[in-house]
Amino acid sequence: MMRKKPNPLETRVYKYKNKNRNFFCPLCRTERNVTVNPRLTKKNIVQISLTTVMLGSLLFPVFGPESFFVFFLIWGFFELAIRSDYKKQISCPHCGFDATLYKRDVKVARQKVTDFWAQKNQANPSISEIPASRS
Ligand SMILES: [Zn+2]
């Protein structure tokens, strides 16, 4: 069986400088890359520690040693921020495909792609085909 040549919807894609990984959009075959790792990096841990020390020493006169429990709050905040950033990057800007959503709920992901194309068609009526129908 011959392997199909990749036929991306968009070939001139913006490439991030510190890209974390490269992949091809499974729906429209556009080359994608993301900079954000969904997990905390060493740099993030340093940032969390520094913020904890700063906030902790600010709160220390009021709450005493317990003020350093703020570490868990900051940690949670970082986790949330990184995850939402990652999610934003993972969804394809060219076809609306969201891999993280697809893993969780295929129906919702499909609906999202449909909505994306409905919106795109409204803006530019000359594009009337969903890329999946080309294969
Ligand atoms: Zn795509």
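In each ligand, atom 1 is the first atom listed, and ligand 1 is the first ligand listed.
- With sequence neighbours left out, Val62 forms a side-chain contact (heavy atoms from CB on, under 4.5 Å) with no residue at all.
- At least one donor-acceptor pair closer than 3.5 Å links the side chain of Thr51 to the backbone N or O of Gln47.
- Asp115 and Gln111 form a side-chain donor-acceptor contact under 3.5 Å, judged by distance and modelled atom types alone.
- Every residue was checked against the side-chain contact (heavy atoms from CB on, under 4.5 Å) condition with Val53, not counting sequence neighbours, and none meets it.
- Neighbouring protein atoms of the Zn ion (ligand 1) (N, O or S, distance under 2.8 Å, waters ignored): Cys25 SG, Cys28 SG, Cys92 SG, Cys95 SG.
- Looking only at side-chain heavy atoms (C-beta outward), Pro65 and Phe60 come within less than 4.5 Å of each other.
- With sequence neighbours excluded, the residues forming a ring pair (Phe, Tyr, Trp, His ring centres under 6.0 Å) with Phe71 are Trp75, listed by chain and number.
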